[in-house]
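All heavy atoms count here, side chains included; hydrogens, waters and symmetry mates do not.
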Amino acid sequence: MTEQDPETIPVIIGVGQINDRPEQPGDGLDPVGLMAEALRRADADAGDGVLEDCDSLAVVAQLAWPQLNPVDGKVAEALGIDPSHCMQTAMPNGDSPILLLNEAANRIGRGESRICAVAGGEALRTAGQLAALKARDGSEKPNALRDASHRVRKGYAQSYGLTVPTDVYPLYENAGRAAYGQTLAQGQAESRTIWAGMSEVAAAGEGAWITKPVSAEDVITPSDRNRPIAFPYTKLQVANSSVNQGAGFLVTSLAEARRRGIPDEALVFIGYGAAAHESDNFLDRDRYDASPSLATSIERAMQLNAVGTEDLAHVELYSCFPCVPKMARRVLDWPLDRPATVFGGLTFGGGPIGNYMSHAVVAMVQKLRGTGDKGLLFANGGYATHNHTILLAGTPTGAAFPHDFDYQAEADARRGAVPTLDRTYEGPATIESYTVHYGRDGSPKSGVIVALTPSGSRTLAGVAGDDAAMIAFLTDGMHEPVGSAGNVTRGDGDLSMWVRG
């Protein structure tokens, strides 16, 4: 094997994160402040004086304070640095931090940068509190959630209640459970085991938003504090975005790290990454029980780094909703009794929109330093859309940079035929997947069926929230709704409705 040039070997030398819990909302940091403080802490972690030489700053787009966008230049200004390369992602997708980590490694490998900084931060908790104050005092305060909802595209799926990720990911959960041959009880048991384990990791680690462990039974049991959101998910099974969190990390070359006197035991080496995505339109997918791009991303990363599951000491399997780590762990063959996170998951660690994986990088680096261990980071973004996987290790990985991490063509080749969408279909059909949406009082608000017609087309049909018999059929676990027959009929207005066969 040809000896690698230390100038082209990328390593992580500093990590930092912050939770901001102001007593008064007006005292809270905005996303720029969170990103800047996270990088200051990363600089201190690296031994101080690294940030002043930063020539590449990449940040994850933020949602909480849209009036600050773009924020990359503002973060640089807050830090008093003037990097020649300064950018932010187009969207706050959950895979963004791993994408930026891979791109930073490539910049080091190409000799384009000497010090790369990556950061992200969200202050949705403070933004929401300020919005509540605005409603009382009439002053102008940000309302990120309202503004974001106004930007949501309206259309066919949205008319049936499939608008935000909380509405859509249950389609993967319910289709996956049926494909795995699980009963509802078995599927929920898997979810509660993974999530309770994540709560324990959050409680034992650093930087998590919720630090009190939750019992497995409490995860899946609806209650006043754990209301149902979208079947079968309760509040404790979805990402907790009401947080003020920032995280960041510093990447340089092995040669530069040694010139700065950073000890080898403080370095974490970057391995190969692999990325692929599904269609941005979640109705334009070949299936809902698996993701070809997710599988390609994980499998390719493992192959490129020549590691097997038994070689991994730690993993972070993205956990916005249980269906994602469930799919990922089946591709990876990751045991149910081993932690699926190093940070605590998006429910307990905290779900700062697109920046969760920066916190996972921080936690993974802390786990790997001074060891010979390897850890895998799997990130997911959008509506089970974007996937990016990368290996980190406490010793050199042998990966050569720059490298092409785009495996889209491979993912596309393994994808099955995508059903055509029939928006006006009436007649017999079978359930491909489904969910039920709930109001804040815990009562069913509406249901939605994704159905396949006899010709193989896909169509949507609604279920009225007061259709007690149909809601019970979809949620009581007595029968498996996926694959069952029914009829799509035209209801009042423009919506189609589902009638059980």
With a 3.5 Å distance limit and no angle check, can you tell me whether [X] reaches the backbone of [Y] through a side-chain donor-acceptor pair?
{"X": "D311", "Y": "V307", "answer": "no"}
{"X": "T221", "Y": "D218", "answer": "no"}
{"X": "Q408", "Y": "H277", "answer": "yes"}
{"X": "N244", "Y": "R125", "answer": "yes"}
{"X": "R107", "Y": "S113", "answer": "no"}
{"X": "T126", "Y": "G28", "answer": "no"}
{"X": "S199", "Y": "A196", "answer": "yes"}
{"X": "D43", "Y": "L39", "answer": "no"}
{"X": "N93", "Y": "G381", "answer": "no"}
{"X": "S297", "Y": "L294", "answer": "no"}

Does any part of the side chain of [Y], heavy atoms only, come nearer than 4.5 Å to the side chain of [X], both counted from C-beta?
{"X": "V238", "Y": "C320", "value": "no"}
{"X": "L312", "Y": "L391", "value": "yes"}
{"X": "V331", "Y": "E299", "value": "yes"}
{"X": "D72", "Y": "E77", "value": "no"}
{"X": "T397", "Y": "Y272", "value": "no"}
{"X": "L68", "Y": "V71", "value": "yes"}
{"X": "V315", "Y": "L332", "value": "yes"}
{"X": "D95", "Y": "M357", "value": "no"}

One pair to check against side chain to side chain contact (heavy atoms under 4.5 Å, CB included): I390 and M364. What are the steps and the verdict?
CA-CA 12 Å; I390 202 166; M364 186 67 80; over 6 Å; no
Please name the pair of heavy atoms, one in [X] and one in [Y], separated by the smallest distance, quoted to 0.1 Å.
{"X": "S358", "Y": "F249", "value": "OG-CE2, 3.9 Å"}
{"X": "P83", "Y": "A76", "value": "CD-CB, 4.0 Å"}
{"X": "V201", "Y": "G344", "value": "CG1-N, 3.9 Å"}
{"X": "T166", "Y": "P170", "value": "O-CD, 3.2 Å"}
{"X": "A276", "Y": "A411", "value": "CB-CB, 3.7 Å"}
{"X": "C323", "Y": "E173", "value": "N-OE1, 3.2 Å"}

Could you walk me through whether Y438 and R227 pass the side chain to side chain contact (heavy atoms under 4.5 Å, CB included) check?
CA-CA 9 Å; Y438 296 87; R227 63 185 178 88; 5.9 Å; no
Do you see a donor-acceptor pair shorter than 3.5 Å between the side chains of [X] and [Y]?
{"X": "E316", "Y": "T341", "answer": "yes"}
{"X": "R285", "Y": "Y383", "answer": "no"}
{"X": "Q62", "Y": "N69", "answer": "yes"}
{"X": "N102", "Y": "H403", "answer": "yes"}
{"X": "E278", "Y": "S293", "answer": "yes"}
{"X": "E122", "Y": "Y356", "answer": "no"}
{"X": "S223", "Y": "N226", "answer": "no"}

Step by step, work out the side chain to side chain contact (heavy atoms under 4.5 Å, CB included) result for L236 and F348.
CA-CA 8 Å; L236 282 175; F348 309 104; 4.1 Å; yes
Under a 4.0 Å N-O cut-off, is there an ion pair linking R300 with E410?
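A salt bridge links R300 with E410.
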Determine whether R259 and E7 satisfy the following criterion, salt bridge (charged side-chain N to carboxylate O under 4.0 Å, His left out), listing intermediate values before the conclusion.
CA-CA 11 Å; R259 281 192 290 270; E7 299 286 356; 2.7 Å; yes
Within this structure, what is the [atom1]-[atom2] distance for the pair [X] and [Y], rounded to the nearest 0.5 Å?
{"X": "L29", "Y": "N19", "atom1": "CG", "atom2": "CG", "result": "11.5 Å"}
{"X": "K212", "Y": "E200", "atom1": "NZ", "atom2": "CD", "result": "14.0 Å"}
{"X": "N387", "Y": "I298", "atom1": "CG", "atom2": "CD1", "result": "7.5 Å"}
{"X": "R40", "Y": "L51", "atom1": "CZ", "atom2": "CG", "result": "9.0 Å"}
{"X": "Q17", "Y": "L34", "atom1": "CD", "atom2": "CG", "result": "12.0 Å"}
{"X": "F343", "Y": "E206", "atom1": "CZ", "atom2": "CD", "result": "10.0 Å"}

Would you find more than 12 non-hydrogen atoms of other residues, nucleotides or ligands less than 6.0 Å from [X] atom [atom1]?
{"X": "R21", "atom1": "CZ", "value": "yes"}
{"X": "D82", "atom1": "CG", "value": "no"}
{"X": "K235", "atom1": "NZ", "value": "no"}

Starting from the C-alpha separation in whole Å, work towards a yes-or-no answer on salt bridge (charged side-chain N to carboxylate O under 4.0 Å, His left out) for E190 and R330.
CA-CA 12 Å; E190 182 179 352; R330 282 168 170 79; 2.8 Å; yes
List in chain and number order the residues that pass ring-ring contact (aromatic ring centres under 6.0 Å, His included) with [X], two or more places apart in sequence or in another chain; answer none if no residue qualifies.
{"X": "F378", "value": "none"}
{"X": "Y169", "value": "F321"}
{"X": "Y407", "value": "none"}

Given Q237, which partner from the list T347, I194, I220 fulfils the side-chain contact (heavy atoms from CB on, under 4.5 Å) test?
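With Q237 as partner, T347, I194, I220 yield a single side-chain contact (heavy atoms from CB on, under 4.5 Å), made by I220.
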Which residue is it: L101, T252, L267, L250? I am looking for the one with a side-chain contact (heavy atoms from CB on, under 4.5 Å) to I12.
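Exactly one candidate clears the test, L101.
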Could you walk me through whether I18 and R41 pass side chain to side chain contact (heavy atoms under 4.5 Å, CB included), step by step?
CA-CA 8 Å; I18 175 176; R41 295 183 182 192; 3.8 Å; yes
